[in-house]
Amino acid sequence: MELKINQQIKQFNAESLSVQSLLDLEIPHKQNGIAVAINNTVVPKSNWSQHLVHETDEILIISATQGG
C-alpha cells in the first residue's frame, strides 16, 4: 500500500490499515499530543482503531509542541 503522509509518499506491506495501525508503524513511541486528519477532516482519537486509510487518502499527522 502506498500512502501520502505529511506530503511524503510511503510504502507499507499491508492491504488495509487503521489509523491506529498506521501510527503504530510511523510513530510507535510518541502518540500523545497528536492529531490526525484524513482528506482535511480530523479523525477523533476514539475512532483511530476503526477508521481505515486508503491509498487515495491524504494523511496529515500533527504533533503539538510547547513554545513561548
Side-chain angles (χ1 to χ4, degrees):
M1 173 184 288
E2 185 176 278
L3 296 172
K4 188 174 186 179
I5 304 170
N6 293 354
Q7 302 299 321
Q8 295 182 352
I9 303 294
K10 298 193 176 190
Q11 295 284 338
F12 296 92
N13 293 327
E15 290 187 24
S16 67
L17 283 172
S18 67
V19 171
Q20 184 62 61
S21 298
L22 175 64
L23 293 173
D24 290 344
L25 293 170
E26 281 293 290
I27 49 172
H29 303 294
K30 189 174 190 265
Q31 294 184 13
N32 289 328
I34 64 168
V36 178
I38 298 179
N39 301 323
N40 296 317
T41 302
V42 174
V43 178
K45 189 171 189 170
S46 59
N47 292 351
W48 287 0
S49 300
Q50 299 91 357
H51 192 106
L52 296 178
V53 296
H54 304 91
E55 286 196 73
T56 57
D57 290 340
E58 295 224 5
I59 302 163
L60 181 62
I61 301 171
I62 303 167
S63 180
T65 59
Q66 288 183 288

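Hydrogens, waters and symmetry mates play no part in the numbers below; they use all other heavy atoms, side chains included. Residue numbers count from 1 along this sequence.
Taking both residues in full, the closest heavy atoms of Val43 and Trp48 are given as O-NE1, 3.1 Å, listed atom of the first, atom of the second, then distance. The heavy-atom pair separating Ser63 from Lys30 by the smallest distance is OG-NZ, 2.7 Å. In terms of heavy-atom proximity, Leu17 sits nearest to Leu25 at CD2-CD1, 4.1 Å. Between Met1 and Glu15, the shortest heavy-atom contact is CE-O, 3.0 Å. In terms of heavy-atom proximity, Ser49 sits nearest to Ser18 at O-CB, 3.4 Å. For the residue pair Ile61 and Asn6, the shortest heavy atom distance occurs at N-OD1, 2.7 Å.
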Assess whether side-chain contact (heavy atoms from CB on, under 4.5 Å) is satisfied between Lys45 and Asn32, documenting all intermediate values.
-> CA-CA 10 Å; Lys45 189 171 189 170; Asn32 289 328; 3.9 Å; yes

Can you list the steps and then say if Gln7 with Glu58 is a side-chain contact (heavy atoms from CB on, under 4.5 Å)?
-> CA-CA 8 Å; Gln7 302 299 321; Glu58 295 224 5; 4.1 Å; yes

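Once rounded to the nearest 0.5 Å, the distance linking CG of Asn39 with OG1 of Thr56 reads 6.5 Å. In this structure, CD1 on Ile34 lies 10.5 Å from CD on Glu26, to the nearest 0.5 angstrom.
Contact check for Ile38 versus Val53: side-chain heavy atoms found under the 4.5 Å cut-off.
Both Leu3 and Leu23 belong to a single network of hydrophobic side chains, linked directly or stepwise wherever heavy atoms of I, L, V, M, F, W or Y lie under 4.5 Å apart. Val36 is not connected to Leu52 by any chain of hydrophobic side-chain contacts under 4.5 Å among Ile, Leu, Val, Met, Phe, Trp and Tyr, and they are in different clusters. Under the 4.5 Å side-chain heavy-atom criterion for grouping Ile, Leu, Val, Met, Phe, Trp and Tyr, Ile59 is not connected to Ile62 through any hydrophobic cluster. Hydrophobic clustering, with ILVMFWY side chains joined whenever heavy atoms are under 4.5 angstrom apart, keeps Val42 apart from Ile5.
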